[in-house]
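Below: the structure, in structure tokens.
Convention: sequence-line order gives letters A, B, ...; per-chain numbering from 1.
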Amino acid sequence: MRMSRLFGRTLREAPADAETTSHQLLLRAGFIDQLMAGAYSYMPLGHRTKLKVEQIVREEMGAAGAQEVLLPAIHPVELWEQSGRVESMGSVLFTLRDKRDRRLVLGPTHEEVITRLFTDHTSSYRDVPVTLYQIQTKFRDEARPRGGLVRVREFTMKDAYSFDLDESGLDASYQAMFEAYGRIFTRCGVPTVPVEADSGAIGGKGSQEFIYINETGEDVVALCDGCGYAANTEKAAFVRPPALAADALPMEEIHTPGAQTIDELATFLDVEERQTAKAVFYMAEGGGEADEPIFAVVRGDLQINEVKLSNTLGGRSLRAMTDGEVDDFGLTAGAASPVGLGDRMKVIADVSVEGSPNLVAGANRPDYHLVNTNLGRDWTATEVADIALAEDGHRCGSCEAGTIRLHRGIEMGHVFRLGQIYSEAFETDVLGPDGTGVVPTMGCYGIGVDRIVAAAVEAGHDDDGITWPASIAPYDVAIVALRLDRDEDVAADAEALYGELRAAGLEVLFDDRIESPGVKFNDADLIGLPLRLTVSQRNHAQDAVELRRRDNGATELVPRGEIVERVQALRAEALAALAEAADRVNDGR
RNA sequence: CGGGGAGUGGCGUAGCUUGGUAGCGCACCUGACUGGGGGUCAGGAGGUCGCCGGUUCAAAUCCGGCCUCCCCGACCA
């Protein structure tokens with residue numbers, strides 16, 4: 001491609017709206033353009049990179065035995081009613097009506113469609129296992145798009161779905177996808193950590209996320225520095241800091257004027273936070289039925305983990321209780337107590353409360369608290385469960401020896417053991433060898449293609465611009481020709497080189513613009529192709545071309561006759577290094 | 001949805017407090033010089049100042065309403 005003809009222009013300054021590095025650089029280098037919140041156009045350079053990411057995904061999916069399909073983006077709403085996800089996806093569903101007033105959904109994901117497709121085209125156990133995947137535009141009416149390409153409302157996702165006869169089949173299909181994921185991200189130059197994850201509204205029995213650790217990410221993951229345990233904080237198991245050992249003392253009501261928060265209470269009474277009990281009230285939203293009040297209790301030094309709490313309640317979604325509801329249920333904010341609550345509502349206590357004697361709790365009247373409350377003696381919980389949030393510095397819940405460190409990260413991919421949720425909802429079955437019907441067990445596996453593009457920039461850039469990995473750079477090599485309007489020899493040589501490289505199968509971005517050297521070099525650095533060739537009078541006089549690596553700045557003067565070979569060698573070397581890393585990434589995982 | 005910030009040529013911004021000709025840098029066009037790290041000079045083109053309404057002789061500026069975008073949170077296979 002001749003840069004003089006390339007659509008899109010580089011910017012010296014990043015648009016003020018762009019906050020993250022990847023967003024700024026992709027805008028400045030002319031890869032993407034924002035149309036509205038959460039919707040971006042890909043310009044030629046960006047589109048080329050995205051296509052390369054997709055190609056890598058295709059290669060690895062194929063190698064893992066998955067078959068590519070393409071499913072509709074518009075779905076009849078009935079399909080979503082059948083699975084029950086009109087409710088559970090709720091406000092993120094984009095909906096519309098056609099001219100006959102049929103209600104349609106813009107697909108945010110495709111479990112429903114793929115399950116229907118499978119059901120209609122499969123009837124025998126001989127047809128499974130099968131894994132189907134597609135690369136599609138998905139639509140989600142996100143409450144808050146953010147971070148450039150990281151969270152958008154229209155995006156490209158690779159989603160794969162496996163169908164197996166039984167659990168062991170699912171295990172194999174899941175493992176194949178898991179390994180393919182590690183290879184895909186590695187080949188794209190994005191380091192990821194697989195972490196245990198909550199399965200969320202999609203349901204299922206276990207899932208893992210592939211997280212790219214990065215400060216701009218919206219997920220928080222817990223990594224153990226001892227055993228390598230890695231989990232999303234939504235899920236992370238940890239050991240509670242020990243309680244202060246003591247015999248149970250008599251409960252007593254005391255005056256605590258102005259002490260509303262745990263911090264104020266602990267300060268006022270001169271006790272540690274772990275000697276208090278924290279109460280938080282929620283409403284559990286029930287399908288069709290009235291919302292149910294939930295009284296959650298954790299020890300004062302911990303936070304409620306709403307995802308864990310929701311799972312304890314069978315996955316029902318939670319919302320904070322309104323002030324009116326707090327009054328209606330006779331609770332006292334700032335001094336609420338599980339003591340005396342009786343069976344007026346469900347009380348869910350964290351396991352931290354169970355082993356902690358003599359906690360300070362509310363007295364259920366303003367400015368009074370109860371000291372020395374003890375679970376079991378003074379009050380009872382409907383259920384004692386793990387409903388607290390792991391924090392940095394906590395002991396690891398897996399090895400019970402290491403320390404948990406919290407990191408922010410971007411979710412690049414997510415693999416789920418779905419089970420039979422969708423196959424049951426769509427009455428899918430295949431005949432087994434013995435002639436009886438078997439409901440297939442499913443897995444689903446997603447990758448955010450746009451996120452790979454963004455994360456690759458986060459992972460590969462310097463002060464001058466992007467440093468693309470060879471695997472997904474929009475072109476393999478840049479030719480910067482200096483003074484080509486003044487020097488016919490240089491111009492002719494650059495032109496010839498452009499032809500030779502392309503004839504050798506290389507993808508070339510030829511900067512043939514009439515610009516000063518500084519502009520050209522800076523643009524080349526910003527766009528970030530792995531290799532740069534400088535054709536100039538100086539080099540031409542030596543019958544050579546300067547070759548510079550974008551990643552480490554190493555330069556070499558290559559004899560003109562060897563340049564194509566040298567470029568090919570460096571490119572092959574870079575790709576081989578990525579492939580080799582991909583071969584190793586699943587060792588020990 | 002709650003909190004915060006911002007809308008002025010393609011990008012970055014000044015002007016707004018105290019109403020009176022819309023300014024600067026980059027980018028863009030023409031010419032000259034220069035040219036191995038965003039060069040210099042000269043001359044140009046391009047803006048309903050987010051939208052609607054109000055106040056006023058006069059509104060980018062003051063007042064009211066709305067819209068949009070960004071950040072934090074809530075939410076999120």
Side-chain angles (χ1 to χ4, degrees), chain A residues 8-20 23-24 27-28 30 33-39 83 85 88-93 107-112 114 138 140-148 150-153 155 157 159-161 197-204 207-209 216 218-219 232 234 282 285 306-307 310 315 317-320 322 411 413-418 421-422 442-448 463-465 480-487 490 513-526 532 534-540 546 548 553 555:
Chain A
R9 181 174 286 134
T10 58
L11 296 175
R12 191 173 297 200
E13 292 177 281
D17 282 348
E19 186 100 344
T20 61
H23 193 194
Q24 291 180 348
L27 287 169
R28 282 187 54 208
D33 178 77
Q34 180 170 12
L35 180 63
M36 61 175 178
S83 68
R85 286 212 291 181
S88 59
M89 299 281 304
S91 62
V92 308
L93 273 188
T109 175
H110 281 75
E111 281 79 11
E112 284 78 358
I114 200 79
K138 311 269 175 162
R140 294 186 191 177
D141 195 359
E142 296 286 355
R144 183 155 96 78
R146 69 182 90 183
V150 170
R151 179 166 292 273
V152 288
R153 301 197 292 171
F155 57 101
M157 172 182 260
D159 53 338
Y161 305 94
D198 182 72
S199 303
I202 196 168
S207 72
Q208 287 165 289
E209 292 169 334
T216 65
E218 16 172 29
D219 281 273
N232 194 302
E234 291 176 350
Y282 294 95
E285 300 181 322
E306 293 183 15
V307 173
S310 169
S317 58
L318 299 170
R319 61 174 173 84
T322 64
E411 179 187 352
H414 203 157
V415 290
F416 285 85
R417 295 173 205 274
L418 272 183
I421 299 169
Y422 294 93
M442 293 175 60
C444 72
Y445 319 92
I447 284 182
D463 291 346
D464 298 319
V480 171
L482 302 183
R483 297 191 51 155
L484 79 177
D485 56 327
R486 296 291 185 84
D487 189 318
V490 166
R513 298 174 302 170
I514 313 300
E515 286 287 355
S516 71
V519 169
K520 292 189 171 197
F521 287 139
N522 279 301
D523 277 348
D525 286 346
L526 180 60
R532 185 188 80 193
T534 305
V535 180
S536 67
Q537 273 184 325
R538 201 158 88 188
N539 299 332
H540 189 64
E546 182 191 280
R548 183 173 192 270
T555 62

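- Comparing C69(B), A74(B), C11(B) by their nearest atom to the side chain of A37(A) picks out C69(B).
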Using atom names, set out every protein N or O paired with an N or O of nucleotides 24-35 of chain B below 3.5 Å, distance rounded to 0.1 Å.
residue: G25(B); atom: N2; partner: E13(A); partner atom: OE1; Å: 3.3
residue: C26(B); atom: O3'; partner: R12(A); partner atom: NH2; Å: 3.4
residue: A27(B); atom: OP1; partner: R12(A); partner atom: NH2; Å: 3.4
residue: U34(B); atom: O4; partner: R486(A); partner atom: NH2; Å: 2.8
residue: G35(B); atom: O6; partner: R486(A); partner atom: NE; Å: 2.9
residue: G35(B); atom: O6; partner: R486(A); partner atom: NH1; Å: 3.3
residue: G35(B); atom: O6; partner: R486(A); partner atom: NH2; Å: 3.3
residue: G35(B); atom: N2; partner: E515(A); partner atom: O; Å: 2.7

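- R319(A) is linked by a side-chain contact (heavy atoms from CB on, under 4.5 Å) to M283(A), E285(A), D291(A), T322(A), E325(A), counting only residues two or more places apart in sequence or in another chain.
- If you check C75(B), C11(B), G36(B) against the side chain of E546(A), the one that comes closest is G36(B).
- Taking 3.5 Å as the limit, the base of G3(B) and the side chain of R144(A) contain no donor-acceptor pair of atoms between them.
- You'll find a donor-acceptor pair under 3.5 Å spanning the side chain of D525(A) and the base of G37(B), going by distance alone.
- For the C1' atoms, the distance from G38(B) to G25(B) is 13 Å, rounded to whole Å.
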Check the interface with nucleotides 46-48 of chain B: list each N/O to N/O pair with the protein under 3.5 Å, or write none.
none

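- For RNA chain B, if you chain together Watson-Crick or G-U pairs that step i with j, i+1 with j-1 and so on, the runs of at least three with distances under 3.5 Å are B:1-7 with B:67-73, B:10-13 with B:23-26, B:28-33 with B:39-44, B:50-54 with B:62-66.
- Under the rule for a side-chain contact (heavy atoms from CB on, under 4.5 Å), the partners of T20(A) that lie at least two apart in sequence or sit in another chain are S22(A), H23(A), T216(A), E458(A).
- Rounded to an integer number of Å, the gap from CD of E19(A) to P of G4(B) is 18 Å.
- Side-chain N/O atoms of R151(A) and base N/O atoms of C76(B) include a donor-acceptor pair closer than 3.5 Å.
- Among residues two or more places apart in sequence or in another chain, the salt bridge (Lys or Arg N to Asp or Glu O under 4.0 Å) test is passed with R548(A) by D525(A).
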